[in-house]
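Report on the following structure.
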Amino acid sequence: MKITRLKTWQVPPRWLFLKIETDDGCYGWGEPVVEGRAATVEAAVHELADLLVGQDPHRIEHLWNVMYRGGFYRGGPILMSAIAGIDQALWDLKGRDLGVPVHQLLGGAVRDRMRMYAWTGGDRPSDVSNGARALIAKGFTAFKMNGTAELAIVDSHRKIDEAVARVAEARDAVGPDVCIGIDFHGRVHRPMAKALLRELEPFHPMFVEEPVAPEHLPCLRQIAGGLGYPLATGERLHTRFAFRDLLAEGMIDIIQPDLSHCGGISEGLKIAALASAHDVALAPHCPLGPLTLAASLQLDAVCHSAFIQEQSMGIHYNRDNDVLDYLVDKSALAIEEGFCAIPKGPGLGVEIDEAFVEERARVGHRWRNPLWTHEDGSVAEW
């Protein structure tokens with residue numbers, strides 16, 4: 001069997017799908033994308049195709065190293081996201097060819113279903129209490145909200161009070177037993193994070209995510225010591241090497257690699273194993289489409305330290321299409337009582353409706369994240 005072609009489609013709301021085809025008719029799907037940089041990642045995928053066409057798709061680890069080590073410049077969000085989607089598609093292809101789900105190829109499932117959480121409140125968080133109640137009514141036992149809108153590097157304490165009030169509102173709405181994730185989204189700089197992290201403690205967050213931007217993670221040793229709840233990060237870390245130093249320093253409690261950004265299932269598995277050696281939990285990042293979610297669930301299936309899974313059904317970005325729209329069998333990723341069964345179909349366990357992909361690719365997208373500014377006109381973190 002030889003790889004013959006890599007096909008890509010940009011589809012609404014902001015995703016890029018990939019299909020790898022072979023000379024004997026076998027195929028696999030993946031999702032290589034950076035939010036807001038779909039066209040750039042797409043170009044990288046087709047550059048990497050030069051290394052893949054004519055090769056045996058079953059040699060996944062070898063092909064991963066060809067893509068990663070075969071270029072002098074490596075790493076970063078674009079290249080690792082391109083590799084990630086290709087890696088997902090290779091695992092999907094191999095599972096389909098052998099007639100087994102990916103988790104069987106990785107040693108077999110340690111769980112039957114995965115606890116899920118959902119989003120509420122939007123980019124600039126608002127009306128979180130009603131949104132949270134609606135999610136609980138659907139059976140979720142956990143949700144995530146943005147903690148704050150934009151913050152200056154040193155801002156008024158009023159902004160902290162407003163953020164704390166929103167979390168208090170959410171906690172009052174759902175009671176003590178529902179888990180609340182609070183995403184700082186890298187918007188909170190060190191001087192403000194010191195205060196905000198501590199003022200959230202009475203509300204017992206499930207975790208605070210990206211408490212500072214990834215380039216400032218070393219400051220967590222000084223500003224977050226002694227907190228009584230977990231800190232999470234990792235969606236903007238792209239290799240096991242970036243996670244290595246973070247874990248060695250004991251700065252984080254939960255890692256959140258994104259399987260469409262961190263090199264795919266192959267690298268995600270290595271990152272998870274590295275975290276497990278430090279007794280750090282796994283909660284893969286996934287505000288993307290059905291293939292990223294399916295790949296994440298295959299990883300969750302084999303990682304004992306995985307405890308909850310993000311998913312983007314109904315998220316505020318999904319205005320034109322949603323996660324299940326592209327599936328032939330939508331029940332493959334159905335969430336019931338806050339859990340999703342580990343997909344048991346071959347490969348990633350989902351079947352993509354290629355005709356619908358072709359139709360929506362004619363619409364395409366040019367999604368960009370918002371560009372925010374402070375009152376003085378300087379650029380703010382989104």
Side-chain angles (χ1 to χ4, degrees), residues 3-23 25-53 57 67 77-93 95-96 258-261 264-265 285-297 311-333 343 345-370:
I3 296 170
T4 55
R5 182 165 65 161
L6 283 73
K7 296 173 62 178
T8 53
W9 299 265
Q10 292 185 44
V11 296
R14 56 178 188 162
W15 305 330
L16 178 69
F17 289 172
L18 161 70
K19 184 181 184 185
I20 295 180
E21 299 177 340
T22 65
D23 56 0
C26 199
Y27 61 89
W29 289 86
E31 196 170 331
V33 69
V34 170
E35 301 91 305
R37 296 288 182 267
T40 312
V41 177
E42 185 174 32
V45 167
H46 290 290
E47 288 178 340
L48 290 169
D50 294 345
L51 302 172
L52 301 172
V53 171
M67 292 186 288
I78 302 302
L79 288 174
M80 295 308 293
S81 296
I83 291 173
I86 293 169
D87 181 82
Q88 292 170 13
L90 291 172
W91 279 108
D92 188 41
L93 188 156
R96 289 174 182 276
D258 189 309
L259 294 196
S260 279
H261 301 332
I265 294 169
H285 181 255
C286 183
L288 291 167
L291 292 158
T292 311
L293 179 55
S296 299
L297 289 166
Q311 53 81 36
S312 73
M313 297 176 203
I315 201 170
H316 48 289
Y317 306 122
N318 295 356
R319 294 180 179 174
D320 300 310
N321 284 108
D322 214 326
V323 173
L324 302 182
D325 294 351
Y326 291 96
L327 299 184
V328 173
D329 177 9
K330 295 172 176 43
S331 68
L333 295 177
L348 296 180
V350 297
E351 191 64 58
I352 296 295
D353 184 342
E354 188 168 349
F356 187 67
V357 170
E358 292 277 4
E359 175 187 330
R360 298 307 291 157
R362 289 193 285 273
V363 175
H365 68 86
R366 194 172 175 81
W367 189 87
R368 297 290 184 267
N369 65 252

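Treat the numbers as computed from the prediction; the structure is a model and nothing was measured. This chain uses plain numbering: 1 for the first residue, then up along the sequence.
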What I'd like to find out is whether the side chain of [X] reaches to under 4.5 Å of the side chain of [Y], using heavy atoms alone.
{"X": "Tyr27", "Y": "Pro57", "answer": "no"}
{"X": "Leu18", "Y": "Val45", "answer": "yes"}
{"X": "Met313", "Y": "Leu293", "answer": "yes"}

Side-chain (Ser81) to main-chain (Pro32) donor-acceptor, under 3.5 angstrom:
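Checking the backbone N and O of Pro32 against the side chain of Ser81, no donor-acceptor pair under 3.5 Å is found.
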Between Ser260 and Glu31 (side chain of the first, backbone of the second, donor and acceptor by atom type, cut-off under 3.5 Å), is there such a pair?
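Yes: the side chain of Ser260 pairs with the backbone of Glu31.
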Run the numbers on Leu51 and Leu48 for side chain to side chain contact (heavy atoms under 4.5 Å, CB included), then give the verdict.
CA-CA 5 Å; Leu51 302 172; Leu48 290 169; 4.1 Å; yes
Whether the Glu35 and Trp367 side chains hold a donor-acceptor pair (N or O, under 3.5 Å, no angle test) is what I'd like checked.
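Not at all, the side chains of Glu35 and Trp367 share no donor-acceptor pair under 3.5 Å.
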Could you pull out the closest heavy-atom pair between [X] and [Y], with the gap in Å?
{"X": "Leu259", "Y": "Ala295", "answer": "CD1-O, 3.4 Å"}
{"X": "Trp9", "Y": "Glu42", "answer": "N-OE2, 4.3 Å"}
{"X": "Leu93", "Y": "Cys26", "answer": "O-SG, 3.7 Å"}
{"X": "Gly95", "Y": "Pro346", "answer": "O-CB, 3.8 Å"}
{"X": "Arg360", "Y": "Asn321", "answer": "NE-OD1, 2.7 Å"}
{"X": "Asp87", "Y": "Gly264", "answer": "OD2-C, 3.5 Å"}

So, taking the atom named [atom1] in [X] and the one named [atom2] in [Y], what distance separates them when rounded to the nearest 0.5 Å?
{"X": "Asp92", "Y": "Ile20", "atom1": "CG", "atom2": "CD1", "value": "9.5 Å"}
{"X": "Arg5", "Y": "His46", "atom1": "CZ", "atom2": "NE2", "value": "10.0 Å"}
{"X": "Leu324", "Y": "Gln311", "atom1": "CG", "atom2": "CD", "value": "9.0 Å"}
{"X": "Gln88", "Y": "Phe17", "atom1": "CD", "atom2": "CZ", "value": "10.5 Å"}
{"X": "Asp329", "Y": "Glu351", "atom1": "CG", "atom2": "CD", "value": "9.5 Å"}
{"X": "Ile315", "Y": "Cys286", "atom1": "CD1", "atom2": "SG", "value": "9.5 Å"}

Among residues at least two apart in sequence or on other chains, which ones pass side chain to side chain contact (heavy atoms under 4.5 Å, CB included) with Arg368?
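Listed in chain order: Arg37, Arg366.
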Give the intermediate values and the outcome of side chain to side chain contact (heavy atoms under 4.5 Å, CB included) for residues Val323 and Trp15.
CA-CA 10 Å; Val323 173; Trp15 305 330; 4.1 Å; yes
Taking the six-membered ring for Trp, are His285 and His261 parallel (under 30°), tilted (30 to 60°) or perpendicular (over 60°)?
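His285 vs His261 ring planes: tilted.
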Testing Leu348, Asp322, Ile352 one by one against Pro290 for a side chain to side chain contact (heavy atoms under 4.5 Å, CB included), which residue passes?
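Only one of Leu348, Asp322, Ile352 forms a side chain to side chain contact (heavy atoms under 4.5 Å, CB included) with Pro290, namely Ile352.
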With side chain to side chain contact (heavy atoms under 4.5 Å, CB included) as the criterion, how do Thr292 and Val33 come out once you've worked through the C-alpha distance, each side chain's angles and the decisive distance to 0.1 Å?
CA-CA 10 Å; Thr292 311; Val33 69; 5.6 Å; no
Any chance you could lay out the side chain to side chain contact (heavy atoms under 4.5 Å, CB included) test for Val41 and Thr8, step after step, and finish with the verdict?
CA-CA 10 Å; Val41 177; Thr8 53; over 6 Å; no
Give a yes/no verdict on a cation-pi contact between Arg14 and Tyr317, requiring under 6.0 Å between NZ or CZ and the six-membered ring centre and an angle within 45° of the axis.
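The answer is yes, since Arg14 meets both limits relative to Tyr317.
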